[in-house]
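Note: hydrogens, waters and symmetry copies are ignored here, and every other heavy atom, side chains too, is used. In the text below, chain A, chain B and the rest are named by the order of the sequence lines, each starting its count at 1.
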Number of protein chains: 2
Amino acid sequence: MWALSTSGEGTYHHGNLRRSLIAAAQALLRSGGIEAVTLREAARQAGVSHNAPYRHFPSREALLAAVAAEGFRTLHRTQSDAAAEVDPADRLKAFGRAYLRFAAEERATFRLMFGGTLDPADHPELAAVARGTFGALVAVTQEDATSGKGIVGRDALRAWALVHGLAHLVADRQIDTAQAEACLM
Amino acid sequence: MWALSTSGEGTYHHGNLRRSLIAAAQALLRSGGIEAVTLREAARQAGVSHNAPYRHFPSREALLAAVAAEGFRTLHRTQSDAAAEVDPADRLKAFGRAYLRFAAEERATFRLMFGGTLDPADHPELAAVARGTFGALVAVTQEDATSGKGIVGRDALRAWALVHGLAHLVADRQIDTAQAEACLM
DNA sequence: CGCCAGATGTTGACAACGCCCACATTCCCT
DNA sequence: AGGGAATGTGGGCGTTGTCAACATCTGGCG
């Protein structure tokens with residue numbers, strides 16, 4: 001851990017507090033949901049005082065935004081990896097499956113990203129990362145359209161909403177991943 | 001307000017605290033989101049001490065659950081009203097439109113109901129009301145199926161997920177109601 | 001090398017919150 | 001009329017987010 005840090009444990013400066021706080025917040029998020037993500041607990045897990053986090057995040061919300069941004073990056077990477085492994089014609093489906101898998105495996109993170117707790121207007125970096133992730137989705141959708149499948153305009157929105165809705169239902173455990181994936185065929 | 005109350009303002013007993021607390025919580029929810037819903041502030045708005053709410057709700061979560069349950073009841077009523085006004089063949093679409101309208105007009109309530117903040121397992125009454133609302137939806141879907149449109153099984157789930165996804169996108173202001181409704185046609 | 005500005009971390013404090021306790025007041029049923 | 005149950009009050013504890021003042025370290029400049 002803290003591979004970039006040159007300093008040890010007993011030092012005054014932590015060396016990589018920002019990363020450590022995000023990692024701690026992710027752990028708290030996974031184990032106890034959004035409410036369990038606390039600046040003071042994250043600081044405790046990172047081994048610093050309760051006020052050290054303010055040198056890296058202006059507020060609790062900013063920490064949550066950083067975790068959400070990390071989530072978008074993970075989702076983006078997962079989707080790209082999944083798309084790279086399949087026939088170009090199946091890319092859109094692969095994107096959808098990756099989306100559903102993310103919702104199932106990172107329920108709390110998914111909710112943080114799409115649950116409306118964070119207002120993108122208050123967190124520019126989060127907004128930018130989210131835009132990037134959606135941009136890739138739009139690109140694949142359009143590529144799919146030009147490849148002759150005719151998914152475009154209203155149909156593209158329909159596809160997005162379908163996957164998004166399935167992902168929410170999966171995250172809420174109202175259906176399971178298998179049922180959701182069956183809807184993509 | 002407090003139409004059922006027989007007692008006035010200066011009395012020791014409030015007369016309808018439970019309703020008042022739910023109303024106050026709804027107002028707080030609408031104006032400041034879930035985080036703004038506070039037992040103490042709800043008590044303040046109801047004109048009682050900070051501990052009175054505990055005679056009606058065992059915890060803050062229980063108050064939130066009551067507000068969510070009220071949301072499900074409102075949604076249920078809205079959907080029924082909308083369905084009653086249209087040709088039976090269009091009932092499913094009317095349900096979908098009512099769903100979208102609710103998501104747009106009661107964003108915060110929608111998020112409380114579907115955002116995963118509340119675990120239905122911890123709030124039996126909420127679970128029951130939610131089941132009732134979904135039951136009506138399922139009934140309409142099946143009626144639609146038997147009327148010859150053939151929406152059944154996987155297609156029914158697809159329809160549900162589509163509307164649910166559109167509603168979330170509307171609640172998150174990523175699309176507007178008009179775009180969403182266009183997807184129902 | 002010495003030193004200082006800025007970055008980073010610490011200590012202490014305050015108000016608000018959820019929740020618990022003991023106590024007060026009122027309602028309703030017998 | 002009386003007494004138990006329901007309801008509301010007041011005080012208190014521990015936790016949290018945030019602010020202010022102070023301490024320590026780091027890197028660059030003379």
Side-chain angles (χ1 to χ4, degrees), chain A residues 2 4-25 27-29 31-68 112 117-119 122-123, chain B residues 2 4-25 27-29 31-68 112 117-119 122-123:
Chain A
W2 312 327
L4 299 179
S5 171
T6 56
S7 46
E9 294 218 347
T11 61
Y12 189 88
H13 280 50
H14 181 286
N16 230 327
L17 224 206
R18 189 186 166 87
R19 289 256 173 241
S20 293
L21 289 172
I22 291 177
L28 291 170
L29 180 61
S31 66
I34 297 177
E35 319 251 317
V37 180
T38 275
L39 281 178
R40 288 171 109 107
E41 183 58 32
R44 242 168 260 137
Q45 293 196 6
V48 294
S49 83
H50 69 260
N51 257 334
Y54 282 92
R55 299 297 157 188
H56 301 271
F57 304 98
S59 69
R60 171 179 181 264
E61 261 204 25
L63 173 58
L64 287 174
V67 172
L112 179 62
T117 306
L118 269 20
D119 185 350
D122 297 336
H123 308 278
Chain B
W2 313 325
L4 298 180
S5 171
T6 57
S7 46
E9 294 217 348
T11 61
Y12 190 89
H13 279 50
H14 180 286
N16 228 327
L17 224 204
R18 188 187 165 88
R19 289 256 173 240
S20 293
L21 289 172
I22 291 177
L28 291 170
L29 181 61
S31 67
I34 297 178
E35 319 251 317
V37 180
T38 277
L39 281 178
R40 289 169 110 110
E41 182 58 32
R44 241 168 261 137
Q45 293 196 6
V48 294
S49 81
H50 69 259
N51 259 333
Y54 283 94
R55 299 297 158 187
H56 301 272
F57 304 98
S59 67
R60 171 179 181 263
E61 261 205 23
L63 173 59
L64 288 174
V67 172
L112 179 62
T117 306
L118 269 21
D119 184 350
D122 297 335
H123 308 279

What does [X] touch in the nucleic acid at a heavy-atom separation under 4.0 angstrom: a base, only the sugar-phosphate, or nothing?
| X | result |
| --- | --- |
| S49(A) | base |
| R60(A) | sugar-phosphate |
| R44(A) | sugar-phosphate |

## Note on the structure
H56(A) has its side chain closest, among dT10(C), dT8(C), dG17(D), to dT8(C)
### Task
Go through dT16(D), dC21(C), dC17(C) for me and flag the one nearest to the N51(B) side chain.
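Of all the options, the side chain of N51(B) is nearest to dC21(C).
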Can you name the closest pair of heavy atoms from [X] and [Y] and give their distance?
| X | Y | result |
| --- | --- | --- |
| H14(B) | S20(B) | CE1-OG, 3.1 Å |
| S49(A) | A43(A) | O-CB, 3.4 Å |
| L17(A) | A52(A) | CD1-CB, 3.8 Å |

Euclidean distance, atom [atom1] of residue [X] to atom [atom2] of [N] [Å, nearest integer]:
| X | N | atom1 | atom2 | result |
| --- | --- | --- | --- | --- |
| N16(B) | dT26(C) | CG | P | 19 Å |
| E35(B) | dG17(D) | CD | P | 11 Å |
| H14(B) | dG8(D) | NE2 | C1' | 11 Å |
| L63(A) | dT18(D) | CG | P | 11 Å |
| L17(B) | dC27(C) | CG | C1' | 15 Å |
| R18(A) | dG9(C) | CZ | P | 12 Å |
| R55(A) | dC25(D) | CZ | P | 16 Å |
| F57(A) | dT16(D) | CZ | P | 18 Å |

### Query
Do H50(B) and dG11(D) share a donor-acceptor pair, side chain to base, under 3.5 Å?
yes
### Message
Please report the interatomic distance NE2(H50(B)) to CG(L39(B)), rounded to the nearest 0.5 Å.
### Response
10.5 Å
### Message
Would you compute the distance between atom CD1 of I22(B) and atom NE2 of H56(B) and round it to the nearest 0.5 angstrom?
### Response
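Spacing of CD1 (I22(B)) from NE2 (H56(B)) equals 10.5 Å.
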### Message
Need to verify one output field. Residue with the more 5' nearest nucleotide on DNA chain C, R40(A) or P53(A)?
### Response
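Whichever sits nearer the 5' end wins; that is P53(A).
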### Query
With nearest nucleotides of DNA chain D determined for E61(A) and G47(B) from heavy-atom distances, which residue corresponds to the more 5′ nucleotide?
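Result of the comparison: G47(B).
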### Query
Between Y54(B) and dC19(C), does any side-chain N or O lie under 4.0 Å from OP1 or OP2?
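For Y54(B), the contact criterion (side-chain N or O under 4.0 Å from OP1 or OP2 of dC19(C)) is met.
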